[in-house]
Structures are given as C-alpha cells and as structure tokens.
Amino acid sequence: MINNNGTLEPHTETHLDPMNRGFLYGDGVFETLKAVHGKLLFWEDHYFRLMASMRILRMEIPMEFTPENLEKELIKTLEASQLLDQPARIRITVYRKGNGTYLPEENRVGYYVFAKAHTSPFYTLNEDPYEVELYKDHYINPGLLSTIKSTNKLLHVTGSIFAKENGYDNCLLLNTSKNIVEALQGNIFLVKGNHIKTPPLEDGCLRGIIRKQLITIIGLMDVFTIEEASISPFELQKADELFITNTILGIQPITKYRKKEYGHSVASELLKKLNVKARLG
C-alpha cells in the first residue's frame with residue numbers, strides 16, 4: 001500500500017503526476033526508517049533531519065507535519081501493508097508541489113510513504129566478505145546540500161553500477177579535496193587502535209542517523225576516543241577496521257580494501273550497544 005498524502009492506495013493504483021517536481025528536478029527529500037513491530041527506530045532524529053532538510057530546500061512545512069501526525073501516517077502505512085507485527089523498512093518522500101521550471105511557482109509540499117518487509121528485528125553483524133573500492137568518476141561537493149537525503153542521488157546510482165560491474169560490495173566516495181566522505185549506502189568509520197574517526201559534516205558526508213548514535217555511544221566509552229576529522233585514502237590501508245553505518249543495516253564491517261584485510265571486533269562491540277539504544281530509544 002502507498003500512503004499518498006494521507007490517503008491509502010494500492011501501489012498498482014497510485015500514479016505519479018508527470019509534472020511532479022521530485023521527478024522532474026529532484027526537488028524532494030526522503031527518510032528511510034527501520035520499524036520493528038510498529039516502533040519507528042530513532043524516529044525523533046529522523047523527524048528533525050527531515051524538517052531541517054525541508055528548510056534547507058526552502059520548502060513550506062505544513063502545520064500538520066508534527067512528529068505525532070507524521071508518525072501516525074507512517075504507522076498507518078505499516079498497518080495497511082500488513083507489516084505492523086514484523087520488521088520493516090519504511091520510506092517517506094516529500095516533494096515540492098506545483099508547476100514552474102527551476103523556479104517553483106509555490107513551496108507547498110506533498111508526500112508518499114511506502115513500506116517493505118525486512119529480515120531482522122535487531123541489528124546483526126554480517127561477517128561475510130565485504131570488499132570496497134574508491135569511486136572516482138564523480139566527487140561530492142561539500143556543503144549543506146550534500147548533508148541531506150535529497151531525491152537526487154545520481155552519484156550513488158552510478159557508483160552502485162560501477163561497484164556491481166567490478167565485483168565490489170560497495171564503494172567509498174571522495175569529495176573535491178580527495179578525502180573519503182562516505183560509502184554509497186552509509187557513513188564510514190575508521191578504527192586505528194583505540195581511536196575511531198569519521199569524516200566531519202563539513203567534508204560533505206550525510207548527516208547520518210546511526211552516525212550520530214555511534215558518536216554518542218563511543219563518546220561515553222572509556223576504552224575508545226572518537227574524532228570527526230578528514231580521512232585521506234592513504235589512511236585506509238593503515239586502519240585496523242573500517243565499517244559502514246546506515247539506518248537499515250546498523251553496522252556493516254568492511255573486510256577488504258585493495259590488498260588490506262580488516263577485522264571487526266570493534267564493530268561487533270559497538271553493534272551490541274547500538275541494539276540496546278535502539279530498543280530503549
């Protein structure tokens with residue numbers, strides 16, 4: 001089922017207006033959440049990131065876009081999709097309404113919500129081989145637009161095609177200063193000894209929800225230090241561990257980059273704490 005601006009419709013009966021600005025110009029933002037038995041994990045963080053993204057794009061935020069009302073619409077979509085009693089991933093896409101070309105004629109918004117079944121109610125550690133490579137065909141331009149989840153993801157689309165064609169599980173993205181920014185499907189963390197690094201927002205990485213949670217978790221642990229700092233490609237082969245984070249998978253360890261192979265003991269430890277926070281949050 002599709003939630004089309006509050007109205008539930010079978011996906012076979014939902015039609016996209018050919019003048020939809022999200023389709024024509026990528027004039028939209030989205031959030032992908034994990035839901036477990038009707039509970040939206042880290043909903044407050046997702047909500048405030050969505051509102052911040054809409055403000056950055058100068059969208060008009062409707063009065064009914066309160067945390068409570070939007071949460072009800074997401075839960076309603078889960079229920080209509082018969083996913084209320086199992087793990088699911090749910091996406092809300094907000095687009096700017098109206099006509100116009102690059103200059104919109106109005107700033108009001110509409111939205112779509114849909115949900116799909118997911119495999120596990122918990123974040124689990126994938127220990128299968130997971131090899132990455134740099135994607136250097138295109139670069140991220142650091143700035144506010146690079147920190148939001150907009151509906152323009154061409155760099156990530158072309159990077160995903162490159163990864164598939166060359167047998168990689170993922171690719172790492174560079175910014176225009178040639179620093180590591182993120183992976184195709186999430187933020188990147190580097191472990192060297194007891195020190196953990198992740199790129200700063202100023203380098204152009206996504207303002208990730210799990211990134212935020214892990215920075216908080218690591219900051220409360222005596223055994224590790226956490227730093228938001230630029231990561232050069234040369235640091236990757238000196239690291240003890242590399243891992244990727246996103247809302248659906250939690251933490252994905254990288255096992256190989258070029259000739260260097262990595263462990264996942266720190267990722268495993270952090271994943272346990274992330275699961276605790278997800279259940280309590």
Side-chain angles (χ1 to χ4, degrees), residues 30-34 89 91 116 118-120 123-142 146-192 196-201 203-215 228 230-268 270-271 274:
F30 70 96
E31 288 289 326
T32 303
L33 304 88
K34 185 172 183 177
R89 59 186 296 164
R91 168 170 165 155
K116 294 183 178 180
H118 188 59
T119 54
S120 173
Y123 291 125
T124 58
L125 191 71
N126 178 13
E127 300 183 73
D128 293 338
Y130 197 90
E131 185 176 0
V132 303
E133 180 54 88
L134 302 183
Y135 180 56
K136 297 187 288 186
D137 287 1
H138 307 286
Y139 299 96
I140 289 177
N141 291 302
S146 65
T147 67
I148 68 175
K149 292 181 76 74
S150 79
T151 52
N152 182 347
K153 289 292 183 182
L154 289 179
L155 191 155
H156 298 75
V157 170
T158 56
S160 296
I161 295 170
F162 170 86
K164 181 179 179 180
E165 288 177 344
N166 291 277
Y168 298 113
D169 297 287
N170 209 324
C171 282
L172 305 181
L173 304 179
L174 303 166
N175 63 14
T176 50
S177 297
K178 306 302 188 293
N179 288 320
I180 304 294
V181 177
E182 60 191 14
L184 292 168
Q185 295 94 10
N187 294 104
I188 182 80
F189 285 75
L190 179 153
V191 181
K192 179 66 175 176
I196 302 175
K197 287 178 66 175
T198 192
L201 298 178
D203 277 7
C205 70
L206 175 70
R207 193 182 296 272
I209 301 302
I210 302 301
R211 174 187 183 275
K212 176 184 176 182
Q213 299 301 325
L214 282 187
I215 288 173
E228 295 180 66
S230 298
I231 296 175
S232 75
F234 302 105
E235 294 180 69
L236 298 180
Q237 293 185 320
K238 297 178 181 180
D240 300 318
E241 290 187 36
L242 298 173
F243 59 83
I244 298 164
T245 64
N246 70 37
T247 297
I248 303 302
L249 297 177
I251 298 176
Q252 169 61 59
I254 292 171
T255 62
K256 186 177 181 182
Y257 165 68
R258 298 188 177 176
K259 295 183 179 181
K260 178 65 183 285
E261 297 186 357
Y262 306 91
H264 53 69
S265 59
V266 175
S268 179
L270 293 176
L271 191 66
L274 180 64

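The first residue in the sequence is number 1, and the count goes up from there.
Every residue meeting the side chain to side chain donor-acceptor pair (under 3.5 Å) condition with Asp203, not counting sequence neighbours, appears here in chain and number order: Ser230. Remark: Lys116 pairs with Arg89, Phe114 by the side chain to side chain contact (heavy atoms under 4.5 Å, CB included) rule, at least two apart or across chains. Here Asp169 pairs with Tyr130, Glu131 under the side chain to side chain contact (heavy atoms under 4.5 Å, CB included) rule; sequence neighbours left out. Checked against side chain to side chain donor-acceptor pair (under 3.5 Å), Ser265 has the following partners two or more places apart in sequence or in another chain: Glu241. Residues passing the side chain to side chain donor-acceptor pair (under 3.5 Å) test with Gln213 are Asp45, Lys277, sequence neighbours excluded. When the side chain to side chain donor-acceptor pair (under 3.5 Å) test is applied to Lys197, the partners found at least two apart in sequence or on another chain are Glu235. Here Glu127 pairs with nothing under the salt bridge (Lys or Arg N to Asp or Glu O under 4.0 Å) rule; sequence neighbours left out. Legend: residues meeting side chain to side chain contact (heavy atoms under 4.5 Å, CB included) with Asp240, ordered by chain and number and at least two apart, are Lys192.
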Residues 176-186, side-chain donor-acceptor partners within the protein, below 3.5 Å, at least two apart:
residue, atom, partner, partner atom, Å
Glu182, OE1, Leu206, N, 2.8
Glu182, OE2, His156, NE2, 3.2
Gln185, OE1, Asn170, ND2, 2.6

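Minimum heavy-atom separation, Leu274 to Gly250: CD2-CA, 4.0 Å. Nearest heavy atoms, Leu271 versus Thr124: CD2-C, 3.5 Å. Nearest heavy-atom pair across Pro199 and Cys205 is O-SG, 3.5 Å. Taking both residues in full, the closest heavy atoms of Leu154 and Asn152 are given as N-OD1, 3.4 Å, listed atom of the first, atom of the second, then distance. Between Arg211 and Thr245, the shortest heavy-atom contact is N-OG1, 3.9 Å.
Expressed to the nearest 0.5 Å, how far CG of Leu172 lies from NZ of Lys136 amounts to 11.5 Å. Rounding to the nearest 0.5 Å places CG of Asp137 at 6.5 Å from CZ of Phe162. Put simply, CD on Glu31 and NZ on Lys149 are 7.0 Å apart, with the number rounded to the nearest 0.5 Å.
Applying the salt bridge (Lys or Arg N to Asp or Glu O under 4.0 Å) test to pairs two or more places apart or on separate chains, those with a residue in residues 244-266 are Glu133-Arg258. Residues in residues 157-168 take part in these side chain to side chain donor-acceptor pair (under 3.5 Å) pairs, two or more places apart or across chains: Tyr135-Thr158.
Lys153 forms no cation-pi arrangement with Phe30, by the criterion of a distance under 6.0 Å to the ring centre and an angle within 45° of the ring axis.
Residues Asn187 and Ile210 have side chains not in contact (no heavy-atom distance under 4.5 Å, counting atoms from C-beta outward).
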Between Thr247 and Thr32, does a side chain to side chain contact (heavy atoms under 4.5 Å, CB included) hold up when you go through it step by step?
CA-CA 7 Å; Thr247 297; Thr32 303; 5.9 Å; no
I would like to know whether Leu270 and Phe189 meet side chain to side chain contact (heavy atoms under 4.5 Å, CB included); could you show each step before the answer?
CA-CA 12 Å; Leu270 293 176; Phe189 285 75; over 6 Å; no
Trace of the side chain to side chain contact (heavy atoms under 4.5 Å, CB included) decision for Tyr262 with Leu190:
CA-CA 11 Å; Tyr262 306 91; Leu190 179 153; over 6 Å; no
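Exactly one of Leu125, Ile254, Thr255, Leu214 qualifies for a side-chain contact (heavy atoms from CB on, under 4.5 Å) with Phe243. That residue is Leu214.
Thr198 contributes a side-chain N or O that, together with a main-chain N or O of Ile188, makes up a donor-acceptor pair within less than 3.5 Å.
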